[in-house]
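What you see is a predicted model; the values in this text were computed from it and never measured.
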Amino acid sequence: MIPTSDGPAVVPSQVIRDIEELREEIRRHDQLYYTLDRPEISDTEYDRLFRRLEELEAQYPQVISPDSPTQRVGGKPLEKFEEHKHAMPMMSLSNAFDEPELYEFDARIGRALGRSNQIEYVIEPKLDGVAIELVYENGLLAIASTRGDGYTGEDVTSNIRTVKAIPLRLRAAGIFTNAPVIDVRGEVFMLRDEFARLNAARDEEGLPPFANPRNATAGSVRQLDPRTTAKRPLKFFAYGVGRVEAPLPEGQWDLLHGLHDLGLPVNLANSRLCRHTQDRTSIEVALEHFRQLEKIRHDLPYEIDGAVVKVNSLEAQTILGVKTRSPRWAVAFKFEPVQAITRILRIEIGVGRTGALTPVAVMEPVSVGGVTISRATLHNQDEIDRKDVREGDTVVIQRAGDVIPEVVSVVKDRRPDNGKPYTIPDECPVCGSHAVRPEGQVAKRCVNVSCPARLKETIRHFAARDAMDIEGLGVKLVEQLVDRNLVKDAADLYYLDEQTLAGLERMASKSASNLLDAIYGSRSVRVDRFLFALGIPLVGEHVARVLIEEFGDLDALTSAAPEELREVRGIGPEVAQSVANFFREPRNGEMIRRLLAAGIKPAPLEPVSPGPETPFSGKTVLFTGSISISRADAKKAVERLGGKVAGSVSRNTDYVVAGEDPGSKLDKAKDLGVVVLSESEFREMAGL
DNA sequence: CGACCTCGAGGTCA
DNA sequence: CTCGAGGTCG
């Protein structure tokens with residue numbers, strides 16, 4: 001028998017039972033997965049259940065009901081969204097940006113209720129997503145709408161039905177059991193890694209990426225074709241109610257549990273009921289939880305921009321009432337923004353030691369993560385083109401890894417009409433020489449080897465702590481020395497005298513003699529440091545050491561042919577060529593001769609005695625976060641004990657030492673299963 | 001070619 | 001302290 005479009009006239013009652021059982025089973029697993037975060041079956045098993053239900057329903061279409069799990073994606077694309085008037089207005093929240101504002105909120109509540117410090121609060125993470133209201137009638141999802149202006153939003157039911165975390169039918173459990181009508185409010189959002197995957201997929205299809213998970217969510221919710229929304233990985237957390245035709249519980253905390261009992265996902269794991277204790281008021285308890293959230297925010301799979309603090313008692317909420325746009329009984333306590341919007345005043349060009357021209361955006365100062373930012377690197381031309389950054393642009397900036405400011409994106413609709421694409425100039429802004437970008441490289445470089453900008457950087461590098469370690473020779477001083485032609489290469493430093501220095505700013509006799517002492521003292525330097533100090537391109541601390549270990553001293557190295565250099569483990573053609581070129585250049589040879597003539601006596605490397613076995617012998621260690629001793633000292637300690645210090649985590653890393661405020665390296669270390677040490681554990685192992 | 005590492009460049013604050 | 005570029009190794 002071939003089923004007609006209406007299916008067989010009679011549906012066997014066994015089939016009806018099977019279908020209902022399957023639906024219930026699927027709903028149960030949806031709830032286990034989304035609401036309880038405790039899946040019992042694999043995705044494959046789930047898919048099998050789902051397909052079986054689909055097959056049965058295809059065979060007997062007349063039994064399909066709108067609350068069936070198969071009916072999430074329904075209908076055809078909409079022309080536009082209908083309006084939906086909220087039964088009770090969806091208010092926004094007033095913000096508190098710092099502790100005093102939060103305490104003020106608490107004080108206001110205390111005054112209004114006339115019993116200070118006894119008020120219970122509920123604190124919940126504030127997700128960065130899109131607020132949605134779900135109207136359930138007799139347990140079935142009837143309407144889903146956006147917040148809109150608070151009174152009227154858009155009816156996005158067909159889209160929201162595709163969000164698996166949102167039940168189409170509520171469970172009959174808990175305080176709200178069988179409420180004829182309940183308006184549930186919550187946040188639709190996207191997980192960070194799913195957002196990243198979505199953007200990667202868009203990139204492959206040549207579509208522009210979404211700026212952040214929030215935008216991606218908002219875009220997904222406002223799709224006219226629900227089939228598109230269905231493909232977006234949306235999640236949901238419920239946090240409150242509007243109209244409820246059922247008795248209300250005493251407080252917000254019970255309310256959250258009531259929603260959870262209905263089968264709705266609620267972020268209970270990161271919410272707290274805050275009661276005052278003997279030594280702390282309830283707002284202090286809330287604040288403590290807020291600090292906790294701030295600490296773990298980057299470990300959460302979704303983005304939060306703060307926390308919401310609500311007076312727990314619903315009765316008290318009623319007494320407190322509302323202001324025009326926001327309730328008086330709740331406040332959004334925001335984290336320091338890690339991103340900010342500002343304007344690029346101009347783009348400056350920096351010239352580095354290697355002659356690289358680096359564009360830097362000079363911006364209107366703005367506070368990001370508690371620090372005022374006014375400059376951010378734009379890296380290179382490719383980066384500028386990719387983001388299409390122009391002078392005068394309004395941009396979103398953030399601190400990469402919470403440290404180095406970077407331009408995230410341009411706010412295109414705020415671009416001035418006269419904005420022109422930016423190109424790094426073809427002349428060095430410092431010496432006017434030609435600047436070229438060699439084939440296959442990203443950087444444009446000034447070709448003039450004695451460009452003053454390059455010279456300054458070279459001297460600074462020479463004097464740096466890890467190199468010759470000349471204390472007192474800072475940027476300002478180098479600037480003056482070079483500009484007045486007192487120093488034309490590193491060797492000139494050793495021929496300075498007090499009289500010459502006396503003419504400089506901030507250089508009275510005391511500082512002058514200190515500086516001369518420092519320069520004089522630097523003459524006994526370990527030979528690998530000396531080599532590093534010369535600033536040969538591609539020769540950093542590590543390569544310098546490797547080369548010295550191989551050749552023993554400078555003499556042997558200066559006369560080495562590129563082929564000999566290549567023999568060395570870790571030295572490839574590029575480095576070999578760069579080293580050979582440097583020593584072949586007569587002026588460099590002359591400079592080295594003058595340095596040695598000035599009395600520099602490069603000390604040989606201490607022979608690497610095997611030494612006693614230590615906890616760090618042959619181990620690679622990495623530091624993240626701040627520790628109470630300096631990084632340099634920590635590094636020395638590890639090296640003294642026969643270990644190596646790395647800059648980035650890889651499978652070869654043996655230990656990661658995590659100090660205060662560890663960075664992303666800690667996450668990566670955990671991912672790779674690297675042993676993580678606390679500072680005290682490290683100190684103990686190192687015998688510090 | 002991918003994995004891993006080093007170099008070099010960037011910014012602010014105490 | 002982090003990132004991208006670029007270098008080296010297997």
>> I want to check something: taking the side chain as every heavy atom from C-beta on, are A/Leu515 and A/Leu477 in contact at a cut-off of under 4.5 Å?
In response: yes
> Salt bridge or not for A/Arg214 and A/Glu303, using N-O below 4.0 Å?
Replying inline: no
> Ion pair present between A/Glu590 and A/Arg587, side-chain N to carboxylate O less than 4.0 angstrom?
Replying inline: no
> Heavy atom of residues 442-458 of chain A under 4.0 Å from DNA chain C: which residues?
Replying inline: A/Val442
May I have the distance from [X] (atom [atom1]) to [N] (atom [atom2]), rounded to whole angstrom?
X	N	atom1	atom2	answer
A/Ile349	B/dG10	CD1	P	10 Å
A/Glu541	B/dC7	CD	C1'	11 Å
A/Ile344	B/dG11	CD1	P	13 Å
A/Ile571	B/dT6	CD1	P	12 Å
A/Glu383	C/dT2	CD	P	18 Å
A/His542	B/dC4	NE2	C1'	12 Å
A/Asn380	C/dG4	CG	C1'	8 Å
A/Ile373	B/dG10	CD1	P	16 Å

> With Watson-Crick and G-U wobble geometry limited to distances under 3.5 Å, how should the secondary structure of DNA chain B be encoded in dot-bracket form, using | for bases paired to another strand and [ ] for crossing pairs?
Replying inline: ||||||||||....
>> Going by the rule ring pair (Phe, Tyr, Trp, His ring centres under 6.0 Å), which residues pair with A/Phe530 if we only count those two or more places apart in sequence or in a different chain?
In response: none
Nearest to side-chain heavy atoms of [X], which nucleotide of [options]:
X	options	answer
A/Ser374	C/dC9, B/dT6, B/dT12	B/dT12
A/Val575	B/dG8, B/dT6, C/dG7	C/dG7
A/Gln441	B/dT12, B/dC7, C/dG6	C/dG6
A/Pro573	B/dT12, B/dT6, C/dT8	C/dT8
A/Glu574	C/dT8, B/dA9, B/dC13	C/dT8
A/Thr372	B/dC13, C/dC9, B/dG11	B/dC13

> When the ring centroid of A/Phe682 is compared with that of A/Tyr655, is the distance short of 6.0 Å?
Replying inline: no
Does [N] have its OP1 or OP2 closer than 4.0 Å to a side-chain nitrogen or oxygen of [X]?
X	N	value
A/Arg353	B/dG8	yes
A/Thr358	B/dA9	no
A/Thr354	B/dC7	no

> Does one side chain, of A/Arg202 or A/Asn199, offer a donor that lies under 3.5 Å from an acceptor on the other?
Replying inline: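 Result is no, nothing qualifies.
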> Is there any salt bridge (charged side-chain N to carboxylate O under 4.0 Å, His left out) pair reaching into residues 373-388 of chain A, and which pairs are they, with sequence neighbours excluded?
Replying inline: A/Glu348-A/Arg375, A/Asp382-A/Arg437, A/Glu383-A/Arg386, A/Glu383-A/Lys387, A/Asp388-A/Arg390, A/Asp388-A/Arg415
>> Quick check on DNA chain C: between A/Phe623 and A/Val568, whose nearest nucleotide comes earlier from the 5' end?
In response: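 Its nearest nucleotide lies further toward 5', so the answer is A/Phe623.
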> Hey, what do you get for CG (A/Leu595) to CD1 (A/Ile600), rounding to the nearest 0.5 Å?
Replying inline: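 Spacing of CG (A/Leu595) from CD1 (A/Ile600) equals 4.5 Å.
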>> Give me each pair satisfying side chain to side chain donor-acceptor pair (under 3.5 Å) with a member in residues 522-542 of chain A, each pair once, sequence neighbours excluded.
In response: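 Checked against side chain to side chain donor-acceptor pair (under 3.5 Å) - neighbours excluded - the pairs reaching residues 522-542 of chain A are A/Tyr494-A/Ser522, A/Tyr520-A/Arg523, A/Arg526-A/Asp528.
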>> So A/Leu378, base contact, sugar-phosphate only, or nothing? Heavy-atom distance under 4.0 Å.
In response: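 Nothing, no nucleic acid heavy atom in range.
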>> Applying side-chain contact (heavy atoms from CB on, under 4.5 Å), can you list everything that pairs with A/Glu681, at least two apart in sequence or on another chain?
In response: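 Counting only residues at least two positions away or on another chain, A/Glu681 forms a side-chain contact (heavy atoms from CB on, under 4.5 Å) with A/Leu677, A/Ser678.
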